[in-house]
Every structure is written in C-alpha cells, then in structure tokens.
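If you're wondering where the values come from, they're calculated on a predicted model, not measured in any experiment. In listed order, ligands and their atoms are each counted from 1. Index from 1, following the sequence.
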Amino acid sequence: MAYPHPNLELRPLGNTGLKLSCVGFGASPLGSVFGPVSEHDAISSVREAFRLGINFFDTSPYYGGTLSEKMLGQGLKALGVPRNEYIVSTKCGRYVEGFDFSAERVTKSIDESLARLQLDYVDILQCHDIEFGSLDQIVNETIPALRKLKEAGKIRFIGITGLPLGVFTYVLDRVPPGAVDVILSYCRYSINDSTLADLLPYLKSKGVGVISASPLAMGLLTENGPPEWHPASPELKSACEAAAAFCKEKGKNISKIAMQYSLSNKDISSVLVGMNSVRQVEENVSAATELATFGKDQETLSEVEAILIPVKNQTWPSGIQQS
Ligand code: NAD
C-alpha cells in the first residue's frame, strides 16, 4: 500500500535525533482498557494513523495484560513499510502481576515485548511508572541494565515514566549525563493540570526529550467521560463533565480544545493520545492540522479554563512514598 506524505508537524525529541509526529498514537486502548476493541478496529486505527502522518506509537506490556503490544505489532506489520518509517516505544517494570524493576526482569521483558510486537528493536524503552518502585533501584540497577540493552541493539533510547513530577528530577539528578534520553509524563499538561510546564526548562537544560501523554486526562476531557477506574476525585470529574457539557452546548468538542491546548507547547515533542478507532485518529490529527492553520479557539479555551479553575492542578496519589 502506498502512503501519501501528509503534513503533520514533526518535532525533535531531546538529543535523540528522532523526529516525532506532534500527535503520537497511545496504544493503551488497543489493550481494551477503555472498553473492548476488535482486532479489525485496532489494525485500521494504526493504519489510518500512519496514513495521516503519525509516526510515533507507544505501548506497554501492562496495557491489557500484553494485548496492546500484540495488537500494535499486528497493526504495524500490516503497514508493510520499512521499519525506520515508524518509531515505537514500549515499557518495562510494570506488569499485570505487579512491579519488578530488577535488571533480570527488565532484561527478559524486552525480549518478550519484541516477540509480541514482531520487531527486532524498539526505539524507546521506558521504565513504567517508577513511583511504584525504589527510585534508587531505578538509578543503580534498572537504568544500567537498559544501557546494556542499548549496547546490544535491542533498544535505541531509554526513558522513564510516572505521574508525580518529582520522580523525574530525582532520577535525572543522579544518573550520568545522557543515560536517560526521554521522560514520559501523563495528565500533567492538559487544560485541567499544566504543572509539567514548570519542569520543561530543567528538562531542556538536560537535553532530555519530553513526551506528554493523556491530553484528554484519560477521558475526563471527552464527551463520553472517563472510564470507571479513573482515579480523579468526584469534584474533578464533575467539573470536567460540566466543561464538556458547556462545549457541547456551544457546538464545540472539548477533546479538540484539549488536544490543541497540549499541542500548543512546542517544548513537548509529542502529545500522546489514546485512540481506538479511525474516527478518533481523524479527529485528533485534524485538531493538530487545524491548529497549525487557524490557531487555537482561544475564546472557548478561556471559557473552559474558567469552569476548571476550582480544580486546576488537582491530581491524585500515585505510587509509594520514597524515603
Ligand atoms: P487520553 O487522555 O489520551 O484519553 C484516552 C481516551 O480518550 C480513550 O477513551 C480514547 O478512546 C478517548 N479519545 C481519544 N480521542 C478522542 C476524541 N477525539 N474524542 C473523544 N474521545 C477520544 O489518555 P490515555 O490513553 O491514558 O493516554 C494516552 C497514551 O499515553 C496511552 O495510550 C499510553 O500510550 C500513554 N500513557 C502512558 C502512561 C505511563 O507511561 N505511565 C500513562 C498514561 C498514558
């Protein structure tokens, strides 16, 4: 199949030399974590994403108990394009069975992930939600193990992910320069919570690439609302519901306003949004191309921000306390 050359913006990722599409494909929904997704829908979503210019795909063995990696692998294989035309990140250390950031487990984990993804290497391997492990183990054991995987050619770059922003500075202040190439932060650069902004100058000074995930706050900023398991407080959920209803009443879509908010910060290399249908792919790519052409809908954004002021930057606990 031939693909056109669409004009979705590419942005550099820290010092890696990679150029990521500004909209990234979050594959957790392909693990049916936001509701069931058929194999057909999973494969068509990946195909449509690539067709429209998305070159970055993120997954984890944790999503859907390995289902997301398998679905993404099938979708990528079905593209039938050379391997260097897309960028894949997966993760290690978090599994349905629990957390294990030991060198032994993460070294085995990458081989399992590569088999499920049907790939010889991944571009980025990230330690998944490090606030649930010992940060000193991440620094002294996990990252050194990942550096060996890099030397072995199984991964090209190393990343860390988590919700509390303090975990990034803790690790980056302790590893050798260049040992961590990328951070993936989630739910910290969306209309309701923009606390990642304060960390961006520090990350830039370290040459670390920034991926910002969950621009829709894991479903809070959608017309359908969040899944059952969403950890937000009832207050935050109802404020977002009110904002979504306000947009709908006005003939606007809150998801588009939210995507454009996150995409507007060019220090973020890719905004990773979870997608499980061709329609969502098309909507999210349109949000980016319309932003590039017309700019953001500042009037509606200001109105939504006003509704969300009482819950601005409200988050939820994640992980274990570090001593
Ligand atoms: P998200 O904010 O991207 O929201 C996803 C939800 O919004 C899904 O229900 C999806 O079907 C829906 N959606 C997507 N586009 C829509 C549209 N245009 N209109 C209406 N609904 C739409 O949250 P997410 O999926 O959790 O995050 C995105 C990706 O980032 C994940 O898939 C994953 O790859 C990554 N992520 C990583 C971590 C981590 O490493 N700790 C945490 C969260 C997310």
Side-chain angles (χ1 to χ4, degrees), residues 20 23-37 41-42 45-46 48-49 54 56-64 67-69 71-72 87-94 99 124-133 159-165 167-168 182-193 196 211-232 240 244 247-248 252-263 268 270-288 290 316 318-319:
L20 269 51
V23 177
F25 188 103
S28 69
L30 303 192
S32 292
V33 301
F34 289 92
V37 179
D41 283 350
S45 306
V46 170
E48 185 66 354
I54 291 179
F56 175 46
F57 298 84
D58 176 74
T59 183
S60 163
Y62 176 63
Y63 300 149
L67 182 63
S68 167
E69 284 191 331
M71 291 284 207
L72 180 61
I87 295 162
V88 179
S89 65
T90 191
K91 311 194 183 81
C92 61
R94 182 168 201 178
F99 290 88
I124 310 169
L125 183 64
Q126 307 169 100
C127 305
H128 195 172
D129 291 342
I130 58 174
E131 68 270 28
F132 287 92
I160 48 178
T161 86
L163 181 73
L165 295 168
V167 299
F168 298 123
V182 180
I183 67 114
L184 184 159
S185 160
Y186 72 99
C187 289
R188 298 296 205 176
Y189 202 96
S190 55
I191 307 175
N192 57 301
D193 184 340
L196 176 63
I211 297 163
S212 177
S214 312
L216 311 182
M218 301 191 304
L220 287 176
L221 303 175
T222 63
E223 279 179 10
N224 288 341
E228 273 292 297
W229 51 259
H230 200 292
C240 292
C247 289
K248 194 169 182 185
K252 306 279 181 175
N253 185 322
I254 191 155
S255 300
K256 186 199 259 190
I257 307 290
M259 277 303 293
Q260 295 190 337
Y261 175 86
S262 300
L263 286 163
I268 291 168
S270 191
V271 173
L272 254 185
V273 56
M275 299 184 270
N276 57 21
S277 70
V278 165
R279 183 169 163 209
Q280 286 181 356
V281 170
E282 287 170 353
E283 283 180 6
N284 294 329
V285 170
S286 293
E290 286 174 30
W316 47 85
S318 178

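- T90 and E69 are linked by a side-chain donor-acceptor pair at a separation below 3.5 angstrom, with hydrogens and angles left out of the test.
- When hydrogens are left out, the protein atom nearest atom 10 (C) of ligand 1 is G274 O, 3.3 Å; that is the closest non-hydrogen contact.
- Taking atom 20 (C) of ligand 1 as the reference point, the nearest protein heavy-atom neighbour is S255 OG, 3.6 Å.
- Note: an N/O pair closer than 3.5 Å links E283 and ligand 1 by distance alone.
- The N/O atoms of L216, backbone and side chain alike, include one that comes under 3.5 Å of an N/O atom in ligand 1.
- Residue T161 has at least one nitrogen or oxygen atom sitting less than 3.5 Å from a nitrogen or oxygen atom of ligand 1, judged on distance alone.
- Ranking protein heavy atoms by distance to atom 32 (O) of ligand 1, first place goes to S28 OG, 2.7 Å.
- Looking only at atom types and distance, the side chain of D41 has no donor-acceptor partner in the side chain of S277 under 3.5 Å away.
- Of all the listed residues (G35, S214, G219), G219 holds the heavy atom that lies closest to atom 4 (O) of ligand 1.
- The nearest heavy-atom contact from the protein to atom 6 (C) of ligand 1 is F34 CE2, 4.0 Å.
- Of the candidates I160, I183, L272, it is L272 that places a heavy atom closest to atom 28 (C) of ligand 1.
- At least one heavy atom of K91 sits closer than 4.0 Å to an atom of ligand 1.
- Closest protein heavy atom to atom 29 (C) of ligand 1: G26 CA, 3.6 Å.
- At least one heavy atom of Y63 sits under 4.0 Å from some atom of ligand 1.
- Counting heavy atoms from C-beta outward, L272 and Y186 have side chains that stay 4.5 Å or more apart.
- Looking at atom 21 (N) of ligand 1, its nearest protein heavy atom turns out to be T222 CG2, 3.5 Å.
- Geometrically, ligand 1 and N284 share a nitrogen or oxygen pair separated by less than 3.5 Å.
- For ligand 1, the polar-atom distance check against A217 finds a nitrogen or oxygen pair separated by under 3.5 Å.
- Where the criterion is an N or O separation shorter than 3.5 Å, residue side chain and backbone included, M218 meets it with respect to ligand 1.
- Between atom 30 (O) of ligand 1 and the options S185, A213, S212, the minimum heavy-atom separation is to A213.
- When hydrogens are left out, the protein atom nearest atom 34 (O) of ligand 1 is D58 OD2, 2.6 Å; that is the closest non-hydrogen contact.
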